[in-house]
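First the structure, in the form of structure tokens, and then the observations on it.
Quick note on labels: first sequence line is chain A, next is B, and so on, each numbered from 1. These numbers were taken from a predicted model, which means no experiment stands behind them.
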Amino acid sequence: VSARAWLSERLGRADRATASVRGGPSWAYALGWAIVALLLVQALTGAALAAFYAPTVTDAWASVAYVQDQMPGGWLVRGLHHHGASAIVIVAGLHLVQTALFGAYRRPRELVWWIGILLLLLVFAFAITGFVLRWDQAGYWANKVEVGIVAGTPVVGGAIERLLLGGNDYGNLTLTRFYALHVVVLPGLFLLAAFGHVVLARRHGATPRRDRRGATPIPRWPRQTARDVIAMAAAFSALLAYSFVAGGADLMAPADPSQAYDARPLWYFRWLFELRELAGAAELVAALTTPALGAGLLLALPVLDRQPELYPRRRRIWLGVFAGMVTTIVGLTVASFARDASDDALTERRHAAAQRASRARALAVANGVPATGAQDVFTTVPMYRARTLYAQYCQSCHAADSPDREGPIIAPGHGDRGWLRGFLAAPSSDPYWGKTKLAKTENAMAPVELPDAELDDLVELLYAESGATDVDAGKVARGKAAFESACTDCHSLAEGVASDSGPGLARLGSRDWYTSVIGNPTSPVHMGDFAEMPRFDRELTIVDRDLIAGFLVWLRTATPADLAALGPL
Amino acid sequence: MADDDPDPARRKFLRLATCGVGGALGVAAAAPALSLIIAPARRDTVTSPSEPIDVGPAERAGQVWQRVDVIAPVVRDAWVSAQGVVLGAAYVRRAGEQVQALSAVCPHLGCAVGFDAARPAFLCPCHDSRFSAASGEVIDRAGPAKRGLDPLPIEVKDGRLRLTWIRYKLDTAAREPA
């Protein structure tokens with residue numbers, strides 16, 4: 001007894017060689033198998049992705065970005081999963097068109113047709129529930145709009161919205177729900193329906209083209225099976241090639257409820273998007289009624305078209321209606337993409353969004369995503385808080401390019417030897433105190449006039465106060481003499497000592513000194529009554545003042561290139 | 001062989017009983033799962049204190065609308081208590097002595113509205129609703145929004161802008177809290 005015969009008996013089924021195809025083999029029948037191949041890819045890639053995915057608002061984006069950018073081949077698996085869904089929509093569409101053209105929805109195959117349409121709707125449900133899981137700007141905002149449309153359903157809309165979101169607003173439960181739908185509920189329903197679809201289709205057999213109905217049935221194996229397998233291989237190859245060329249699937253910046261984003265639905269819903277756009281005030285009709293009508297028409301096709309014969313001429317009306325539907329959908333889809341392509345402002349915003357996305361992903365790779373949430377990945381740039389505070393509280397009075405500048409320019413090299421030398425030479429010049437009111441009064445500091453060598457020593461002395469370690473001790477010692485002769489009328493280097501005509505210079509340019517000046521420049525040890533800068537010790541905590549001070553100390557040795565390398569905030 | 005059945009009544013009873021027990025079993029097994037699934041829909045799972053939120057120093061509100069992030073100090077999101085959660089954005093400006101605030105949540109379907117300073121007008125990037133920079137009212141009837149941007153209560157206290165974050169029902173002409 002051969003192994004195959006043994007197995008056949010155990011399985012209680014006839015050898016597959018005995019199954020036959022009416023009207024001979026056809027490539028048209030292979031479309032269904034191509035879908036099966038694509039579904040298998042979805043199941044496998046989906047299982048792999050699920051092994052990484054964390055369905056919480058803080059971690060979802062981070063876990064997807066981790067697969068995408070840090071796992072070898074992760075980008076390809078995501079690409080296959082994302083584009084695989086598109087491929088299923090395309091092949092299922094072809095399968096549907098083929099079935100309609102051949103009239104295979106007709107009695108007694110109505111159930112096969114109806115279950116097929118249910119399967120197509122489930123594919124769309126997969127797409128919608130899957131898109132939001134990545135929790136990036138694209139998925140988040142598209143989902144908001146989709147849920148908003150559903151919420152607009154009369155009477156039950158609000159309840160459905162709360163069921164979908166898992167409460168009153170987007171949150172952790174929203175993600176766990178969409179995740180459960182996507183990986184448990186929908187696959188279960190889909191398997192059940194697909195099983196019914198295939199079993200019934202097999203039971204009724206193929207519906208050949210009219211001109212081949214008389215042909216003798218041929219065994220399914222191997223002539224039809226060969227076509228099926230080739231179609232499966234072709235579908236997978238095309239998907240693989242496309243995913244490679246497309247570089248996988250995109251991933252935008254983390255979802256951010258405060259950040260405007262040009263949300264667009266997945267391409268296969270674009271026709272509905274365009275319909276809304278065209279419908280204007282009647283958009284609820286467009287958004288809810290049209291798909292319902294379309295699906296209703298498809299469902300009703302076997303009931304409406306009951307000609308006993310398959311003569312295409314007799315079925316003209318129904319084929320015409322069907323063709324009209326397909327044409328409208330394709331036309332609207334093209335129109336929607338064309339409209340976006342011609343919008344320059346949109347292209348610009350898209351470009352900015354793409355840049356934000358790549359910055360977020362680069363930071364996630366470099367620094368990891370903070371446990372507080374994916375949006376905080378932007379705070380992992382160096383000195384984020386210090387620079388944010390600086391931008392918020394200091395920049396408008398101190399940036400070289402600020403139209404409102406009122407104080408000295410603060411830029412890379414601030415407080416280094418060159419800066420000190422320039423200051424001593426011309427304290428009231430524009431880059432230094434020139435913009436202040438003090439500079440125009442007789443209380444302004446006079447330029448220090450010393451021979452070059454002595455000025456050098458004085459600069460070294462002041463520079464040493466900052467705590468810098470690259471100090472020439474000999475120069476500092478000599479600088480003390482210069483300081484005694486040129487500066488002590490107004491200034492002191494002793495800690496905490498002020499004079500009535502000038503600020504104390506102890507620890508000038510050090511982190512402590514900056515913290516203190518930022519806190520209260522009107523202190524007698526600093527500018528006293530001459531201060532124009534406001535005190536920040538009431539607005540900023542000492543921790544924040546210290547962070548800004550740290551940034552200012554960093555600036556002393558930084559170059560403009562260093563500053564640029566920190567990246568934007 | 002129904003025809004050979006010696007006791008049709010018994011057979012009928014068995015049929016009913018089988019269906020009844022099977023059906024009851026199904027319902028009993030599904031009920032707890034379904035009621036758990038429905039439970040969150042009946043409560044507010046994402047909550048934050050309703051007190052006004054600090055959105056920055058009063059100087060932020062100038063002549064031109066300025067976007068500010070609305071960040072709740074703490075949000076309870078199901079099992080998590082998270083700090084510094086971005087709820088959304090608002091636009092603030094000073095009009096005379098008054099400080100005004102508009103929610104950046106599009107009253108159509110809730111997308112974040114941007115401000116186009118060149119026009120100037122508010123623009124929702126999702127479905128092209130446009131709102132007047134002067135009042136926040138809908139300016140272009142072609143957009144699908146049924147009402148203008150929602151004003152939010154805002155006050156200045158100790159030199160800080162304090163904004164009360166309210167979400168309104170979407171896609172309605174009337175303005176009622178969600």
Atom of [X], atom of [Y] and distance for their closest heavy-atom approach:
X: A:K144; Y: B:G110; result: CD-O, 3.9 Å
X: B:A112; Y: A:P257; result: CB-O, 4.1 Å
X: B:G114; Y: A:A260; result: N-CB, 4.1 Å

If you define the side chain from C-beta out and look only at heavy atoms, does anything of [X] sit under 4.5 Å from [Y]?
X: B:Q83; Y: A:T372; result: no
X: B:D69; Y: A:Q259; result: no
X: A:R177; Y: B:P40; result: yes

Does B:R76, at its CZ atom, have more than 12 non-hydrogen atoms belonging to other residues, nucleotides or ligands within less than 6.0 Å?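 It does not: B:R76 CZ has 12 such atoms or fewer within range.
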Partner chain B: residue of A:Q392, A:E161, A:R538 with the largest heavy-atom pair count (under 4.5 Å): A:Q392
Region of [X] that comes under 4.5 Å of a non-hydrogen atom in chain A:
X: B:V86; result: both
X: B:L123; result: side chain
X: B:R42; result: backbone

Could you go through A:L173 and B:W79, starting from their C-alpha distance and side-chain angles, then the distance that decides it, and tell me whether this counts as side chain to side chain contact (heavy atoms under 4.5 Å, CB included)? CA-CA 9 Å; A:L173 289 175; B:W79 53 88; 3.7 Å; yes
Assess whether side chain to side chain contact (heavy atoms under 4.5 Å, CB included) is satisfied between A:V145 and B:C111, documenting all intermediate values. CA-CA 7 Å; A:V145 174; B:C111 289; 3.6 Å; yes
Any residues in residues 43-62 of chain B near chain A, with a heavy-atom distance under 4.5 Å, and which are they?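 Within residues 43-62 of chain B, the residues under 4.5 Å from chain A are B:R43, B:D44, B:T45, B:V46, B:P57, B:R60.
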Please output the residues of residues 155-178 of chain B in contact with chain A, using a heavy-atom cutoff of under 4.5 Å, in numerical order. B:R160, B:R167, B:D171
Report the distance from atom CZ of A:R264 to atom SG of B:C126, rounding to the nearest 0.5 Å.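 That separation rounds to 7.0 Å.
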Nearest 0.5 Å please: distance from the CG atom of A:L181 over to the CD1 atom of B:I37. 8.0 Å
Pair B:L109, A:R276 - check side chain to side chain contact (heavy atoms under 4.5 Å, CB included), show working. CA-CA 13 Å; B:L109 288 176; A:R276 291 171 64 85; 3.3 Å; yes
